[in-house]
Structure formats: C-alpha cells, structure tokens
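This report refers to the structure that appears directly beneath it.
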Amino acid sequence: MKPGAPPLQSARLLDQVRERVRYLHYSLKTEKAYLYWVRFFVRWSATQLGGMRHPRDMGVQEVEAFLSMMANERKVSASTHNQALSAILFLYREVLNIDLPWLNNIGRPHQTKRIPTVLTKEEVASLLVQMEGTTALLARLLYGTGMRLMEGLRLRVKDVDFDRHAIVVREAKGNKDRVVMLPHSLEGALKRQMLIARSLWEADRLAQRGGVDTPHALEVKYPKVGNTWGWFWMFPSPTLSTDPRSGVVRRHHLFEERLQRALKKAVVQAGIAKPVSVHTLRHSFATHLLQAGTDIRTVQELLGHSDVSTTMIYTHVLKVAAGGTASPLDSLLPIQ
C-alpha cells in the first residue's frame, strides 16, 4: 500500500479498482474506462491461459501479449492502446501495489499529431442555421467560446456573468478553471435558456427532489447546496436520472449524445463533406480567432492549453487554409 493511501475495503478486484479510482477523484468516464480494460484484460488472459487467474499472479509476458493483441489483432488506435495500458498500470500500481521494474519498461505507442478539421466561417454559418432549439444554442455557445462539449453541458447558472460578458469554466481538462467570453449575440438566448432552467429548478423544489450533483462532496460542508439556484445546470435534462455513484434520483445536465446527433444531422443538411464532430467547433473557434489577428497567447488562455505548443497546431491549419507556398505549376500553366 502506497503512503497516504487507505487500505482497500472491497474484496472483489473490480470493486477495488472502483474504490481506488474514486479515492483519487478520477472522473466517472475514467472509472468506466479503467473498469472496462481491467475486466477485458482478466477475461482475455483466462482464454489464453486456460483458466481465470488473478492479475497478481501474472506479469510482463501476459501484459505484453495483451497489448500486442490490441495492436495486431484488434488494430486499435494509439490513443485506445494508451488508455488500455494506463488502466493496467493503474491496476498494478494503485490497486495491487505492485511496482515492478518491468512496468516502467513497457513502451507506449507514439501518437501522431494530426492537423484538425476546421470549418470555414461560411460552413459554420450554414451548419448552425440547420440547427434549432437547445442544441442550436449549445452549438453556438461552443463555437462562440471554444469550450469543450462537457464544459458546455456542465455549465452552472452561477458561472454565467452577463454583466461582465464572461463565462467561468470550472474544473476543465486538467482540473483547471478559466474564463471565456460570453458572446453578445447569445445574451438574449442564454437569458431565455436560464428561464427554462429556472422553471425546471422550481418544479424540482416543489416535488422535493434531490438537488443536482456537486463536486468534492460539497454538500457535506454546505448541506442542500445542490438545491440552490446558482448550482443548477444551464442546460438541464428534461428527464430525471439515477446518479451512478450515489444512486440518488436527480436531474442531470443535458445528455451529450443529444447534441452529437443533432450536429451530425445538421452536417448532412448543410452539405458539408468534411468529417465534423462537436470538437470541430472548438478547432474552428481557435483558427478563426488567429485569422482575425488575435494573439496566440490569448487563444491559448481561452482554450485552456497548458503549453502554447498545443495551440501552435492551429498555425499549421492557417498555412493550409491560406494555400501555403505557391505551386511551381502555377508559373507554367494558366489558371483553368
């Protein structure tokens, strides 16, 4: 057991993984991913070894064979490969408390940085005009601020400042906070969305339903804080759901696939041939700011990048968009 880590109370392996993940305050997505890969690793090893064995009784050969299978048979991407490796390393180091030399010698696949897909301003306009309702407002907000999908969905009422035209993004990637602009063109729509959210909040209070989820057990220090208006979602779900960790029936934020489906439909209707995802709106936001002459350091702060080299990828996009260097063919042949 590592210093500062309490002894595990669970007996079953997957419960131990879940317990340690929650102790370290990892996200629910990380918890689900780690549980999936640990379960997959144990079951795959059982088929290869002719019977179920505890990971404590396995070692470098089994881990390397599993990772080789992932790369050669399943042909997973480098990011998926890295995620599986991280889950196994977490299992051995944090759960089983095994820190053997071979764990440090397992190489990670190299992830090639790709130039992101970026829409032109005209394409963004044609895409957004095809959308309607809450998903249209959310898509406009993500493009207008550069927020990630979950950052927009998890937006709380208290973090939208109409007076300063600013939005505070809480606990973003890397558990960092940052401030982004509130587009003036969305002020009226966001105020109307706040009224919709207010009606759901009041209905929940009248029905005495559980308040919204708050981070880091804040309700222990401030009881009923999840019932307050300021902590309510800007984009609440129209239906109730069961919290997967606490089991409490409460109102969650809008389901992420709702925007993804609406955007996919709008891409087809707009006749855009490029591969477009919700994250493409963030890429387009950064590129269009740089095209308008915004300083790259400002763009870095708005995106929440720790290193400016991450933001530099959009300068490569600008070179592609601008046509780069003139082709020698143009000096030989007339434009047809």
Taking the side chain from [X] and the backbone from [Y], do they hold a donor-acceptor pair closer than 3.5 Å?
X: Q130; Y: A270; result: no
X: T298; Y: T294; result: no
X: R282; Y: L303; result: yes
X: K191; Y: G188; result: no
X: K274; Y: V118; result: yes

Go through F285 and Y143 one step at a time and tell me if the ring-ring contact (aromatic ring centres under 6.0 Å, His included) criterion holds. CA-CA 6 Å; F285 162 84; Y143 169 70; 7.1 Å; no
Check side-chain contact (heavy atoms from CB on, under 4.5 Å) between E19 and all other residues, then give those that pass, not counting sequence neighbours.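 Testing E19 for side-chain contact (heavy atoms from CB on, under 4.5 Å), a comparison that skips the adjacent residues, returns L8, Q9, S10.
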Name of the residue among H165, R164, K158 meeting side chain to side chain donor-acceptor pair (under 3.5 Å) with D161: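 Testing D161 for a side chain to side chain donor-acceptor pair (under 3.5 Å) against H165, R164, K158 leaves exactly one candidate, R164.
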More than 12 heavy atoms of other residues, nucleotides or ligands under 6.0 Å from CZ of R154: yes or no?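 No, CZ of R154 has 12 or fewer neighbouring heavy atoms, counting only those of other groups under 6.0 Å.
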Do V169 and D177 make a side-chain contact, defined as non-hydrogen atoms from C-beta onward lying under 4.5 Å apart?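 SC-SC contact between V169 and D177 ruled out.
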Modelled atom types, side-chain donor and acceptor of S306 and K176, under 3.5 Å: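 Side chains of S306 and K176: pair found under 3.5 Å.
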Are S284 and T287 close enough that a side-chain donor and a side-chain acceptor fall under 3.5 Å?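 No pair is found: no donor N or O on one side chain lies under 3.5 Å from an acceptor on the other.
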Once the angle between the rings of H279 and H283 is folded into 0 to 90°, is it parallel (under 30°), tilted (30 to 60°) or perpendicular (over 60°)?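 If you compare the ring of H279 with that of H283, the planes turn out perpendicular.
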Please work out which of the three classes, parallel, tilted or perpendicular, describes the rings of Y34 and F90, given edges at 30° and 60°.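 Rings of F90 and Y34: tilted, 30 to 60°.
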For a side chain to side chain contact (heavy atoms under 4.5 Å, CB included) with L259, tell me which candidate from L142, L254, T134, L153 qualifies.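 Considering L142, L254, T134, L153, a side chain to side chain contact (heavy atoms under 4.5 Å, CB included) with L259 is found only for L142.
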In the single-linkage hydrophobic clustering (I, L, V, M, F, W, Y; side-chain heavy atoms under 4.5 Å), do V76 and W44 co-cluster?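 Linked within one cluster.
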Using distance only, find each side-chain donor-acceptor pair of residues 227-240 under 3.5 Å and give its atom names and separation, not counting sequence neighbours.
from : atom 1 : to   : atom 2 : distance (Å)
N227 : OD1    : R205 : NH2    : 3.1
N227 : OD1    : G211 : N      : 3.0
T228 : OG1    : V225 : O      : 2.6
W233 : NE1    : R251 : O      : 3.1
S237 : OG     : T239 : N      : 3.2
S237 : OG     : T239 : O      : 3.1
S237 : OG     : T239 : OG1    : 3.4

